[in-house]
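Values below: every heavy atom of this structure, side chains too, minus hydrogens, waters and symmetry copies.
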Amino acid sequence: MAVDLHTHSFFSDGSDSPSDVVHAAFRAGLTAVALTDHDTLEGIPEAHQAAGEVGMELVPGVEISCEWAPGTMHIVVLFLDPGPGPLQDELVDLRRSRDARNHAIADRLQRLGIDITYDEVARQAGTGVVGRPHFAAVLVRKGIVDDINGAFRELLADGKPAYVSRKRLTPEDAIGLAKASGAVSVLAHPHTLGLDTADEFARTFRWLRSVGLIGLEAYCTEHPPDERLELASVARSHGLIPSGGSDYHGSYRPGVRIGQGRGNLRVPAELLEELRAARETS
C-alpha cells in the first residue's frame, strides 16, 4: 500500500480542484493523500468530502516557506485541520503578505514592459491563492515565454527581474507553531536547501530535529529510487521519520502524477502511521 503526503490544488498553485486531487489519488490505488497547499487550508473541506465519498483517508496539511539561505526551505505540516489555532491564525497573515507580493510582481512586470495585469493573473488562479505559477501560466499564454519553467528561469525565480520576496516564518517558528497546533512538521524536498556537503546536510537535519522537526521527505519526485532509500536511511540516523510525496501541481508541473511522481515514486503507507503515532506522542 502507498500514500502521497505532498500535493497541491488550485487553492494555492496547483491546477486541479481538491476533489480532483483526491480522485486522482484514489485512481492511483493510494490509501491516503495529503493536501498541502501553500499557506492555506481552504481546500481541505472539499478534499475531506471527496475522500469520504471514495473511501480513502485525507490528511489535512499545508506547506510553508521559511526564511533560509542559501537555498529554499519548505516545511510540510500534516494533520492540521482548518479552524482557530496557533499556526492556522498565522496563515492569515502569511496570505496577506503573499497577496501584497503578487501585486508587486505585477507592477514589476509592467515596469519591464510586459503587458500583464494582476486581474488577469487572479482570473488564472480562480478561487485559490495567487502564486507565481499563475503568473507563469499567463506569461506562457500570452507568448512572452515558452513554458512554465522558462517563466521562472527568465523572470520569476529568486534573483530574476520580476522576483519579489514576501514574509516568511523562521524554521523554528513554523515547527513550533505546527506542534502547538497538534500537527507534525516535515522538511520538504531537501535537495532545494542549497547545501553542498554531507556535513552541511547533517548539521541542518540535527538542528531542525532539535527544534521539533518530525519528518524528512526522502521519497521525492526529483530523486531516483536509490537516492530515496539513502535519504530514508539518513532521516532515520537523525531520528526523523522518512516521508514523501509527488509535490503534484497538475499542469503547472508537467509530467508529475499523484502517487507516482514521474513514474516510479512509491511512498510506503506505514510511514503515515509512524507520523500519526509521532503526532500523538509529541
Asker: Is there a side-chain contact between Tyr219 and Leu271, using heavy atoms and a 4.5 Å cut-off?
Answerer: yes

Asker: Do Phe26 and Met1 share a hydrophobic cluster, counting only Ile, Leu, Val, Met, Phe, Trp and Tyr and linking them when any side-chain heavy atoms are less than 4.5 Å apart?
Answerer: no

Asker: Side chain of Asp37, backbone of Ser9: donor and acceptor closer than 3.5 Å?
Answerer: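 Yes, because the side chain of Asp37 sits within donor-acceptor range (under 3.5 Å) of the backbone of Ser9.
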
Asker: Using atom types as modelled and distance alone, determine if a side-chain donor or acceptor of Thr7 lies under 3.5 Å from a backbone N or O of Ala34.
Answerer: yes

Asker: Between Glu222 and Arg253, does at least one N-O distance fall below 4.0 Å, as a salt bridge requires?
Answerer: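 Yes, this pair counts.
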
Asker: Quick check: closest heavy atoms across Ala104 and Val164, and the distance to 0.1 Å?
Answerer: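 Heavy atoms only, the tightest pair is CB-CG1, 3.9 Å.
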
Asker: Walk me through it: do Arg96 and Asp93 pass the test salt bridge (charged side-chain N to carboxylate O under 4.0 Å, His left out)?
Answerer: CA-CA 5 Å; Arg96 290 196 192 101; Asp93 196 39; 3.7 Å; yes

Asker: To the nearest 0.5 angstrom, please state how far the OG1 atom of Thr31 sits from the CG atom of Leu272.
Answerer: 7.0 Å

Asker: Quick one: does Asp4's side chain have a donor or acceptor within less than 3.5 Å of a partner on Ser246's backbone?
Answerer: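 Here the side-chain-to-backbone pair exists.
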
Asker: List the atom of Pro171, the atom of Glu67, and the distance in Å for their closest heavy-atom pair.
Answerer: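 It is CD-O, 3.5 Å.
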
Asker: Report the relative orientation of the aromatic rings in His238 and Phe205; use parallel for angles under 30°, tilted for 30 to 60°, perpendicular for over 60°.
Answerer: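 Aromatic pair His238/Phe205 classed perpendicular.
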
Asker: Under 4.5 Å between side-chain heavy atoms, counting indirect links through other Ile/Leu/Val/Met/Phe/Trp/Tyr residues: same cluster for Val22 and Val59 or not?
Answerer: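 Cluster IDs for Val22 and Val59 differ.
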
Asker: Between Ser17 and Asp20, is there a side-chain donor-acceptor contact under 3.5 Å, judged purely by atom types and distance?
Answerer: yes

Asker: Do the side chain of Thr192 and the main chain of His189 share a donor and acceptor less than 3.5 angstrom apart?
Answerer: yes

Asker: Measuring from Ser185:OG to Ile64:CD1, what's the distance to the nearest 0.5 Å?
Answerer: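 Reported value, rounded in 0.5 Å steps: 9.0 Å.
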
Asker: Using the test side chain to side chain contact (heavy atoms under 4.5 Å, CB included), find all partners of Gln110 that sit at least two apart in sequence or belong to another chain.
Answerer: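 Scan of Gln110 (side chain to side chain contact (heavy atoms under 4.5 Å, CB included), adjacent residues dropped) gives Asp107, Thr117.
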
Asker: Nearest heavy-atom pair of Ala278 and Ile241: which atoms, and what distance?
Answerer: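 Closest approach of Ala278 to Ile241, heavy atoms only: CB-CD1, 3.8 Å.
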
Asker: Is Arg168 close to Met73 at the side-chain level, that is, under 4.5 Å between some pair of heavy atoms?
Answerer: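 Side chain of Met73 against side chain of Arg168, heavy atoms only: no contact under 4.5 Å found.
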
Asker: Please check if the side chain of Ser181 supplies one atom and the backbone of Ala183 the other of a donor-acceptor pair under 3.5 Å.
Answerer: no

Asker: Start with the C-alpha gap between Tyr118 and Asp99, add the side-chain angles, then the distance that decides, and say whether side chain to side chain donor-acceptor pair (under 3.5 Å) holds.
Answerer: CA-CA 10 Å; Tyr118 177 81; Asp99 187 55; 3.0 Å; yes

Asker: Starting at NE2 of His8, measure out to OG1 of Thr36 and round the result to the nearest 0.5 Å.
Answerer: 4.5 Å

Asker: Take Leu155 and Tyr163, measure what side chain to side chain contact (heavy atoms under 4.5 Å, CB included) needs, and give me the verdict at the end.
Answerer: CA-CA 7 Å; Leu155 292 165; Tyr163 178 79; over 6 Å; no

Asker: Would you indicate whether the side-chain heavy atoms of Ser243 and Val267 approach each other to under 4.5 Å?
Answerer: no

Asker: Can you tell if the side chain of Leu80 reaches within under 4.5 Å of the side chain of Val77, non-hydrogen atoms only?
Answerer: yes

Asker: Output, in order, the C-alpha distance, side-chain angles, deciding distance and verdict of side chain to side chain contact (heavy atoms under 4.5 Å, CB included) for Arg262 and Val256.
Answerer: CA-CA 5 Å; Arg262 300 192 188 280; Val256 174; 3.7 Å; yes

Asker: Count I, L, V, M, F, W, Y as connected when their side-chain heavy atoms are under 4.5 Å apart, and connections chain through other members. Are Phe135 and Val138 then in the same cluster?
Answerer: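 Cluster IDs for Phe135 and Val138 match.
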
Asker: If the condition is side chain to side chain contact (heavy atoms under 4.5 Å, CB included), which residues does Asn264 pass it with, not counting sequence neighbours?
Answerer: Pro225, Arg228

Asker: Hydrophobic clusters here meaning ILVMFWY residues chained together by side-chain heavy-atom distances under 4.5 Å, can you tell me if Ile175 and Leu216 are in one?
Answerer: yes

Asker: Just how far is it from atom CZ of Phe79 to atom CD of Glu280, taken to the nearest 0.5 Å?
Answerer: 8.5 Å

Asker: Got a salt bridge between Arg95 and Asp39, using NZ or NE/NH1/NH2 to carboxylate O under 4.0 Å?
Answerer: no

Asker: Please say yes or no: joined through hydrophobic side-chain contacts below 4.5 Å, possibly via intermediate residues, are Leu169 and Val62 part of one cluster?
Answerer: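 Yes: a chain of side-chain contacts under 4.5 Å links Leu169 to Val62.
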
Asker: Ignoring hydrogens and angles, state whether a donor on the side chain of Gln260 or Arg266 is under 3.5 Å from an acceptor on the partner side chain.
Answerer: no

Asker: Is there a salt bridge (charged side-chain N to carboxylate O under 4.0 Å, His left out) between Glu57 and Arg276 once you walk through the steps?
Answerer: CA-CA 12 Å; Glu57 180 179 2; Arg276 195 191 320 277; 2.8 Å; yes

Asker: Establish, yes or no, whether a centroid distance under 6.0 Å links the rings of Tyr248 and His6.
Answerer: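 Ring-ring flag for Tyr248/His6: false, centres at least 6.0 Å apart.
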
Asker: Quick check: do Trp68 and Thr72 have side-chain heavy atoms less than 4.5 Å from each other?
Answerer: no

Asker: Identify the residue among Leu139, Asn102, Val130 that makes a side-chain contact (heavy atoms from CB on, under 4.5 Å) with Val121.
Answerer: Val130

Asker: Evaluate side chain to side chain contact (heavy atoms under 4.5 Å, CB included) for Glu63 paired with Ile75, printing each intermediate quantity in order.
Answerer: CA-CA 6 Å; Glu63 184 173 7; Ile75 300 291; over 6 Å; no

Asker: Using 30° and 60° as the class boundaries, would you call the ring planes of His134 and Tyr252 parallel, tilted or perpendicular?
Answerer: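 Perpendicular, since the angle between the ring planes exceeds 60°.
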
Asker: Indicate the atoms forming the closest heavy-atom contact of Leu156 with Arg132, along with that distance.
Answerer: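 In terms of heavy atoms, the two residues are closest at O-NH1, 3.0 Å.
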
Asker: Hey, is CZ on Phe152 packed in by over 12 heavy atoms from elsewhere, all under 6.0 Å?
Answerer: yes

Asker: Could you report the tightest heavy-atom contact between Pro70 and Gly194, atom names first, then the distance?
Answerer: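 Where Pro70 meets Gly194 most closely, the heavy atoms are CG-O, 3.1 Å.
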
Asker: Please confirm whether the backbone N or O of Leu240 pairs with a side-chain atom of Arg209, one donor and one acceptor, at under 3.5 Å?
Answerer: no

Asker: Of all the heavy-atom pairs spanning Ala162 and Leu109, show the shortest one and how long it is.
Answerer: CB-CD2, 3.5 Å

Asker: Any donor and acceptor pair, going by atom type alone, linking the side chain of Ser12 with main-chain N or O of His38 inside 3.5 Å?
Answerer: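 Yes, because the side chain of Ser12 sits within donor-acceptor range (under 3.5 Å) of the backbone of His38.
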
Asker: Donor-acceptor pair, Arg98 side chain versus Lys167 backbone, under 3.5 Å?
Answerer: no

Asker: Give the C-alpha distance, both sets of side-chain angles, the deciding distance and a yes or no for salt bridge (charged side-chain N to carboxylate O under 4.0 Å, His left out) between Glu274 and Arg236.
Answerer: CA-CA 12 Å; Glu274 287 192 57; Arg236 297 289 188 192; 2.7 Å; yes

Asker: Report the C-alpha separation of Ser19 and His23 in whole Å, then their side-chain angles, then the decisive distance to 0.1 Å, and conclude whether the side chain to side chain contact (heavy atoms under 4.5 Å, CB included) test is met.
Answerer: CA-CA 6 Å; Ser19 295; His23 290 149; 4.3 Å; yes

Asker: Hey, can you tell me if His191 and His223 have their rings parallel, tilted or perpendicular (30° and 60° cut-offs)?
Answerer: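 Because their plane-to-plane angle is over 60°, the rings of His191 and His223 count as perpendicular.
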
Asker: Would a distance-only check, ignoring hydrogens and angles, find a side-chain to backbone donor-acceptor pair under 3.5 Å from Glu200 to Thr197?
Answerer: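 Checked: pair present.
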
Asker: Knowing that exactly one of Val184, Val186, Leu187, Thr204 qualifies, which makes a side-chain contact (heavy atoms from CB on, under 4.5 Å) with Leu213?
Answerer: Leu187

Asker: To the nearest 0.5 Å, what is the distance between CD (Glu154) and CD1 (Ile144)?
Answerer: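 The distance works out to 10.5 Å.
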
Asker: Measuring from Leu78:CG to Leu35:CG, what's the distance to the nearest 0.5 Å?
Answerer: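 So the gap between those two atoms works out to 11.0 Å.
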
